[in-house]
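Encoded as structure tokens, the structure appears first; notes follow it.
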Amino acid sequence: MVLTGKTAVVTGAAMGIGKAITEILLQNGAKVVLLDVNETAAKSLLEDLRKQHGQDRTLFLSCNVESEEQIKAAFQKTVETFGGIDILCNNAGILNEGEWEKTVSINLLGVIRSTYASLQHMNKLTGGRGGVIVNTASMAGLGPLLSCPVYTATKHGVVGFTRAMAAASAASGYGIRYNVICPSFVQTELLDNITLKLGQFSHLEDATQQLVEVLGILTPSEVAQCVFELVTDETKNGEALMIFPKGKQYITFPSMQ
Ligand SMILES: NC(=O)c1ccc[n+]([C@@H]2O[C@H](COP(=O)([O-])OP(=O)(O)OC[C@H]3O[C@@H](n4cnc5c(N)ncnc54)[C@H](O)[C@@H]3O)[C@@H](O)[C@H]2O)c1
Ligand SMILES: CCCCC[C@H](O)CC\C=C/C=C/C=C/[C@@H](O)[C@@H](O)CCCC(=O)O
């Protein structure tokens, strides 16, 4: 996929990995709609991006992925402004084992809400142009992270949902590719105040810290480069790409046949 002239929507775009995804898509010619709840960070980023890429290739819309209504409104505004949606990066996510229902609502249900709301605009069977969706899971979506069981569950859910949507799309003729990234630790604010975020499992912070020492820390840009690969390589559908500082690996799952 050539990105020039394409329209992308990125959730959780104001900071961290979402900001890096936004930047690499803009650098490669796409128009990008930034969705986030952090208006201050988003508007500051938007000002910088417009200085670099011009006034007419970006749009920020305040959108909480916990709200189907806000997601649908954001997608409608995107289509009205840029004519359609070609790329969707469902990236918004939190770590909060104390408020675990909120974690589920954002990390898993938010991805489902956004994916389903995008269908009416992207699905070739309903007048869409087709395209690609890349969801942000985690290495914790491939194996259990003992200090955050609910976060782990949400990310396992994102991996499974993405792979099922990829198969459904291929079988139905939607013309949409679905892929998921599974990064290890990335230097963003998600890793701040970890003790508080682990809630009843904060006593296991040291075990997780040992994992950080083993795996190392990625930069958001390294992760965004992998998203770019999944967006542009039109052979990729149903892929789970594990990303860690020493490299990356496309995951092979057990065959059920
Ligand atoms: N940082 C890591 O170690 C790491 C590793 C693997 C995967 N991830 C995943 O990457 C994604 C991005 O996280 P990050 O590390 O960049 O963290 P971050 O906190 O820097 O950025 C998250 C962004 O999402 C936004 N957001 C939060 N809740 C939202 C909501 N309800 N609706 C819309 N936007 C919302 C925040 O405002 C923020 O801009 C998350 O899904 C996270 O689980 C992070
Ligand atoms: C508390 C920080 C949470 C950060 C969550 C981010 O999504 C980053 C997750 C990064 C790495 C996750 C690793 C998961 C590993 C599992 O596969 C587990 O099986 C590894 C077990 C290792 C061990 O037992 O030593």
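Numbering of ligands and ligand atoms starts at 1, following listing order.
- Regarding atom 17 (O) of ligand 2, its nearest protein heavy-atom neighbour is G143 CA, 3.3 Å.
- Between R113 and T115 the shortest side-chain heavy-atom distance does not fall below 4.5 Å.
- The one candidate from K6, R129, H121 that meets the side-chain hydrogen bond (donor to acceptor under 3.5 Å, both in side chains) condition with D86 is R129.
- Ranking the protein heavy atoms by distance from atom 22 (C) of ligand 2 puts L211 CD1, 3.7 Å first.
- Under 4.0 Å from ligand 1, not a single heavy atom of A41 appears.
- Atom numbering of ligand 1 starts at 1 in the shown order; those under 4.0 Å from a heavy atom of F185 are 3 (O).
- For ligand 1 and E189, the ligand atoms under 4.0 Å from any heavy atom of the residue are 20 (O).
- Here the protein heavy atom with the shortest distance to atom 12 (C) of ligand 2 is M139 CB, 3.7 Å.
- In summary, the atoms of ligand 1 found under 4.0 Å from a heavy atom of L191, numbered by their order in the structure, are 3 (O).
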Return a table of donor-acceptor pairs under 3.5 angstrom between the side chains of residues 173-180 and protein atoms on other chains or two or more places apart.
residue, atom, partner, partner atom, Å
R177, NH1, L230, O, 2.9
R177, NH1, D233, O, 3.0
R177, NH1, K236, O, 2.9
R177, NH2, V231, O, 2.5
N179, OD1, N237, N, 3.4
N179, OD1, G238, N, 3.2
N179, OD1, E239, N, 2.9
N179, ND2, K236, O, 3.0

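- The distance from ligand 2 to the heavy atoms of S138 drops below 4.0 Å at these ligand atoms: 6 (C), 7 (O), 8 (C), 9 (C).
- The nearest heavy-atom contact from the protein to atom 18 (C) of ligand 2 is P144 O, 3.1 Å.
- For N107, no nitrogen or oxygen atom sits less than 3.5 Å from a nitrogen or oxygen atom of ligand 1, counting backbone and side chain alike.
- Under 4.0 angstrom from ligand 2, there are no non-hydrogen atoms of L146.
- The NE2 atom of H156 sits 12.5 Å away from the CG atom of L108 when rounded to the nearest 0.5 Å.
- Of the candidates P183, S67, G12, A74, G12 brings a heavy atom nearest to atom 24 (O) of ligand 1.
- In this structure, L142 has no heavy atom closer than 4.0 Å to ligand 2.
- Salt bridge E47/K43: absent, no basic N to carboxylate O contact under 4.0 Å.
- Of the candidates C226, C182, S138, I243 forms a side chain to side chain contact (heavy atoms under 4.5 Å, CB included) with just one, namely C226.
- The aromatic ring centroids of Y151 and F201 lie 6.0 Å or more from each other.
- Near T208, meaning under 4.0 Å from one of its heavy atoms, ligand 2 places the atoms 1 (C).
- Counting atoms of ligand 2 from 1 in the listed order, those under 4.0 Å from a heavy atom of Y151 are 5 (C), 6 (C), 7 (O).
- Between atom 8 (C) of ligand 2 and the options F185, F244, F201, the minimum heavy-atom separation is to F185.
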message: Would R50 and D56 count as a side chain to side chain contact (heavy atoms under 4.5 Å, CB included) here? Give the steps.
response: CA-CA 8 Å; R50 287 184 167 180; D56 59 356; over 6 Å; no
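- Exactly one of L49, L3, I21 qualifies for a side chain to side chain contact (heavy atoms under 4.5 Å, CB included) with L26. That residue is L49.
- Residue contacts with ligand 1, taken as heavy atom pairs separated by less than 4.0 Å, do not involve A13 at all.
- Some N or O of I17 is nearer than 3.5 Å to an N or O of ligand 1, by distance alone.
- Summarising the contacts of atom 26 (N) of ligand 1 with L45, I181, T136, V37, the nearest heavy atom is found in V37.
- Using a non-hydrogen distance threshold of 4.0 Å, A140 does not register as a contact of ligand 1.
- Ranked by closest heavy atom to atom 5 (C) of ligand 1, the top entry among S184, S114, S138, G18 is S184.
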